[in-house]
Each structure stands twice: as C-alpha cells, then as structure tokens.
Amino acid sequence: MSSIEKVNSGKQRSGTYRRDMKRTWWTEIPFYRWYMLREATAIFTLLYSINLLLGLRALATDKAHFLAWASTQSHPFMIIFAIVSFLMVGYHCYTWFDATPKVMPLQIGDKKVPARQIILGHWGAAIVLAIIVLVLAGI
Amino acid sequence: MNNKTTGKFHIEPFLWALFGNGGTIAALIFPVVVLLFGILLPLGIYDPANLYDNLHAFYGNIIGKLIIFALLAFNLWHACHRIYHATHDFKFHPPLWVKLVIYGVAAVGTLVILGLLF
C-alpha cells in the first residue's frame with residue numbers, strides 16, 4: 001500500500017510523506033546489523049536466565065537435584081548454548097557500557113567526567129565482580 | 001507517570017526503569033555467571049558438590065537471596081522489554097495482548113523467583 005492509499009484508507013493520520021520501510025531494513029548497513037545483534041542478545045539473556053531459574057529450583061530442593069542440574073550443563077548442546085550466550089551477553093555488556101556515558105552523563109562539582117572514564121569504570125567494576133564471584137564460588 | 005502536557009498515565013517509564021536496571025545488572029555480572037555455570041563448571045574447574053555447598057550457604061543468607069533476586073528478575077524484565085520492542089523493529093505492531101504475554105513472562109518469572117527464595 002502506498003502512502004497516499006494509507007491516508008485515504010484511514011491507516012495513516014496525515015498526508016505527510018512517510019518513506020516506506022521494508023521489514024528487512026536492518027540488513028542494509030552494518031550499523032543496523034550490529035544494532036539488531038545487540039537487541040538479539042536479549043533472547044540469550046532470557047533463555048540463560050530460564051536455565052539459571054531451573055538451577056535455582058534445584059538448589060532450593062536439595063543437593064541431589066542440584067548435582068543433576070549441574071551435570072546437565074555438561075551436555076554438548078548446553079555447552080554450545082553457554083558459549084553462544086557468553087558471547088552474546090558479553091556483546092550486550094560492551095554496548096551497554098559504551099552507552100552509559102550518553103544515558104547517564106556524570107558531573108562532579110562543575111567538571112564533567114569524561115566518557116572514557118565512565119566506560120572504563122564500569123569495565124573495572126565488572127572485572128572486580130567477576131573475580132569476587134569466581135573466587136567465592138571456589139572456596 | 002503522567003505526561004506533563006496530556007496528563008495521561010504512561011507505564012513506559014516504569015518498564016524502562018526495569019529495563020535499565022536489568023541491563024546494568026546483566027552487563028556487570030551476567031557474563032561471569034554464564035562463564036561459571038556454563039563453561040567452567042562443565043570443564044571440571046569447579047567441583048559440583050563444593051559449588052552446591054557454597055551456593056546453598058549464599059542462598060540461605062538474606063543478602064544472597066536479594067542478590068539472586070536482583071540478578072535473575074531484572075534480567076527477565078530487561079530481556080522481555082527488548083524482545084517486545086523488537087516486534088516494532090520488525091514492523092509488527094502487535095495488539096496489547098502480545099505486550100501482556102511478553103511482559104507476563106517476566107512477571108511470572110519474578111513471582112517464581114520470589115517463591116523459590118522466600
């Protein structure tokens with residue numbers, strides 16, 4: 001349906017020109033493709049969270065259930081799923097930290113904190129948290 | 001929150017707040033969690049029985065419970081928010097029930113997590 005047909009049929013509010021956009025618009029340039037990849041990380045965040053939810057249920061039940069859940073993580077399918085999830089979550093992490101100074105610019109006194117420092121600060125926090133988690137899990 | 005000019009109530013700022021919190025938590029701590037359970041545990045770097053003992057102690061502690069809740073629940077809200085908005089990116093402009101179903105996954109998940117923790 002063309003723009004003028006949309007107006008005539010009442011599907012568009014005004015006669016202002018609107019460029020028709022295909023469903024595949026995001027395949028056109030790398031910037032859009034990276035955007036869609038970033039949005040797609042959510043699928044893996046959701047699926048992996050569901051996997052962890054099952055792990056939490058096993059943890060809440062008893063040791064035998066938790067060990068059974070832990071052994072399912074070694075299934076080749078689950079390892080591939082985990083590697084892809086790790087890469088996707090890592091990509092989310094990279095894009096999120098990059099966007100943080102734009103979404104939440106930080107000012108101390110009258111001086112604006114440089115974007116680079118905000119980004120590096122988040123990476124620093126993520127690395128410190130990672131070390132804490134890995135150490136506490138293995139004590 | 002009410003729009004300043006129209007006075008109309010909008011749910012979006014609340015959903016965005018959940019999305020924003022979830023995104024930050026997912027970025028700060030989710031990669032290492034996936035690494036731990038998905039890669040290091042199957043590689044045999046962690047002993048499952050010992051990991052159970054540590055996690056069970058963490059789960060038994062109120063601060064541990066709050067951390068588990070924050071990680072899992074906000075992740076769900078973050079992911080569902082992006083998945084819903086992706087429907088618009090793909091030029092589907094779905095009716096309200098689709099939005100309710102997608103955010104419903106996060107809402108039900110949150111209740112399940114609360115049930116398992118408390």
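By convention in this document, chain letters (A, B, ...) are assigned in the order of the sequence lines, proteins followed by strands, and residues within each chain are numbered from 1. All values below come from the heavy atoms of this structure, side chains included, with hydrogens, waters and symmetry mates left out.
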Taking side chain as everything from C-beta outward and backbone as N, CA, C, O, which of these in B:Leu41 sits under 4.5 Å from a heavy atom of chain A? Side chain, backbone, both or neither.
side chain
Measure B:Ile68 against the heavy atoms of chain A and call it side chain, backbone, both or neither at under 4.5 Å.
side chain
Engaged part of B:Ile29 at the chain A interface, taking heavy atoms whose separation is under 4.5 Å:
side chain
Applying a strict 4.5 Å limit to non-hydrogen atoms, the region of B:Ala86 in contact with chain A is neither
Euclidean distance, A:Lys112 NZ relative to A:Gln107 CD, rounded to 0.5 Å
6.5 Å
Any chance the side chains of A:His65 and A:Asp62 put a donor and an acceptor closer than 3.5 Å?
yes
Bottom line for A:Leu67: the part with an atom under 4.5 Å from chain B's heavy atoms is side chain
List the steps and the verdict of side chain to side chain contact (heavy atoms under 4.5 Å, CB included) for A:Leu46 and B:Cys80.
CA-CA 7 Å; A:Leu46 178 65; B:Cys80 290; 4.2 Å; yes
Between A:Asn51 and A:Trp69, does any side-chain donor sit less than 3.5 Å from a side-chain acceptor?
yes
Choice from B:Leu43, B:Leu76, B:Val105, B:Ile39 maximising heavy atom contacts with chain A below 4.5 Å
B:Ile39
So that I know where these two stand, are B:His88 and B:Tyr84 an aromatic pair - ring centroids less than 6.0 Å apart?
yes
In terms of heavy-atom proximity below 4.5 Å to chain A, should B:Asp53 be classed as side chain, backbone, both, or neither?
side chain
What part of A:Trp25 lies closer than 4.5 angstrom to a heavy atom of chain B: side chain, backbone, both or neither?
side chain
Below 4.5 Å from any heavy atom of chain B, which atoms of A:Ile132 appear? Answer side chain, backbone, both or neither.
neither
Distance flag, aromatic centroids of B:His78 and A:Trp96, threshold under 6.0 Å
yes
Contacting moiety of B:Tyr52, where chain A heavy atoms sit under 4.5 Å:
both
Going by distance alone, is a donor N or O of one side chain under 3.5 Å from an acceptor N or O of the other, for A:Tyr35 and B:Asp89?
yes
Taking side chain as everything from C-beta outward and backbone as N, CA, C, O, which of these in B:Ala49 sits under 4.5 Å from a heavy atom of chain A? Side chain, backbone, both or neither.
both
Could you check whether A:Tyr48 and A:Phe81 have their ring centres less than 6.0 Å apart?
yes
If we ignore angles and hydrogens, is there a donor and acceptor under 3.5 Å between the side chains of B:Thr110 and B:Trp77?
yes
Given a strict heavy-atom distance threshold of 4.5 Å, which part of A:Val103 is in contact with chain B: side chain, backbone, both, or neither?
side chain
Who wins among A:Lys63, A:Glu39, A:Met78 for the most heavy-atom pairs under 4.5 Å with chain B?
A:Lys63
Count the heavy-atom pairs under 4.5 Å between each of A:Ile83, A:Leu52, A:Leu129, A:Ile43 and chain B, then report the option with the highest count.
A:Leu52
Is the NZ or CZ atom of A:Arg23 positioned over B:Phe92's six-membered ring, under 6.0 angstrom from the centre and within 45° of the axis?
yes
Chain A: which of B:Gly22, B:Gly115, B:Gly38 shares the most heavy-atom pairs with it under 4.5 Å?
B:Gly38
Okay, B:Phe19 and chain A: the region with an atom under 4.5 Å from a heavy atom over there is both
Bottom line for A:Thr100: the part with an atom under 4.5 Å from chain B's heavy atoms is neither
Verify same cluster id: B:Ile62, B:Ile67 (apolar side-chain graph, 4.5 Å):
yes
Check for a donor-acceptor pair, side chain of B:Tyr46 on one end and backbone N or O of A:Leu134 on the other, with a separation under 3.5 Å.
yes
Turns out that what part of A:Phe86 lies under 4.5 Å from chain B's heavy atoms comes down to both
Under 4.5 Å from any heavy atom of chain B - which part of A:Met21:
both
